[in-house]
Amino acid sequence: MQHFSSDGIDIAFTDEGEGRPVLLIHGFGSNSNVNWRATGWMNRLRLAGYRVIALDNRGHGQSEKLYDPAAYHPLLMAGDAANLLDHLGIAAAAVIGYSMGGRITAFLAAQHPRRVQAAVLGGIGMSLVTGRGGEETIAAALLTTDPESLTDASGRTYRKFADQTKSDRRALAACIVGQARNLTPTQLAGIAAPVLVAIGTRDETAGSAAELAALIPQGVALDIPDRDHMLATGDKVFKEGAIAFLARQEAG
């Protein structure tokens, strides 16, 4: 991966292919390789004619690890994304984010509207407004020395995922607390870019896709049939729906 400095934070990224730029922002506890390459997203987007750019969010993957929850405010992580576009000399791009990456993408579209031509928010619906909850429980699960004692399902899931990806669990514990910031309906109403909200029909954490899309002037919802939060990530319906959505925006 390549690296650049985002306001003094080392951020790792990949930049592949030619064509219209699309920026990919992964979810909590994941990284660009797990979220986007292993699921086939990067290859599919390249085949569709896109220049594919994917970063490891701060605290994740090969990017710098930070241990203060305040360092993980979505505005700061959206700033990393905007700074990466600056680093690459890209004025604006389509942006696809999943879960926490969807939250970051929404903050990017709200705070840096000229940088986002169109956005896809995967795995996040009305929880972007109401909050998800349980962040402190997940943080505790990430930090415990005895994972076998965990009784909370979300805590167990994220701890197992962090161990599988060999993540810095202390950085993730800070991140899960720091990123838990929401947007108001007024802020969402100010998003100028077209936005696709895509959620698995069995996702019990994201909240309603239709309700969130209704708060965004050019928002539309996509149901990913029979998929939960984890399995929706690489689903074919999600990929093809997102690519078709971006193509419609480019066609005018």
Would you check if there is a donor-acceptor pair between the side chains of [Y] and [X] at a distance under 3.5 Å?
X	Y	value
N57	Y72	no
T184	T186	no
D7	N83	yes
S63	D56	no
D10	H3	yes

Could you go through R169 and D163, starting from their C-alpha distance and side-chain angles, then the distance that decides it, and tell me whether this counts as salt bridge (charged side-chain N to carboxylate O under 4.0 Å, His left out)?
CA-CA 8 Å; R169 292 185 286 105; D163 288 341; 3.5 Å; yes
Counting distance only, does the side-chain N/O of [X] pair as donor-acceptor with the main-chain N or O of [Y] below 3.5 Å?
X	Y	value
T144	P147	no
K239	T39	yes
S127	R132	no
H60	R58	yes
S30	H26	no
Q179	M100	no

Remaining members of L215's ILVMFWY cluster at a side-chain heavy-atom cut-off under 4.5 Å?
L75, F107, L121, I124, M126, L128, V129, L183, L188, I191, V195, V197, I199, L212, I216
Cluster overlap [X] with [Y], hydrophobic side-chain contacts below 4.5 Å:
X	Y	value
L108	I53	yes
V52	I90	no
F28	L55	yes
L45	F13	no
I9	L172	yes

With sequence neighbours left out, the residues meeting side-chain contact (heavy atoms from CB on, under 4.5 Å) with N182 are R103
So, using side-chain contact (heavy atoms from CB on, under 4.5 Å) as the criterion, who are the partners of A54 when residues are at least two apart?
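Checked A54 against side-chain contact (heavy atoms from CB on, under 4.5 Å); matches are T14, L24, S32, W36, M42.
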Would [X] and [Y] pass as an ion pair if we require N to O under 4.0 Å?
X	Y	answer
R227	D203	no
E250	R20	yes
D86	R115	yes
E240	R44	yes
E16	R46	yes
R156	D152	no

Neighbour count above 12 (heavy atom, 6.0 Å) for E18 CD:
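Atom CD in E18 is not packed in, count stays at 12 or less.
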What is the minimum heavy-atom distance between D146 and S149, and which atoms define it?
O-OG, 2.6 Å
Determine whether the aromatic ring centres of Y98 and H229 lie less than 6.0 Å apart.
yes
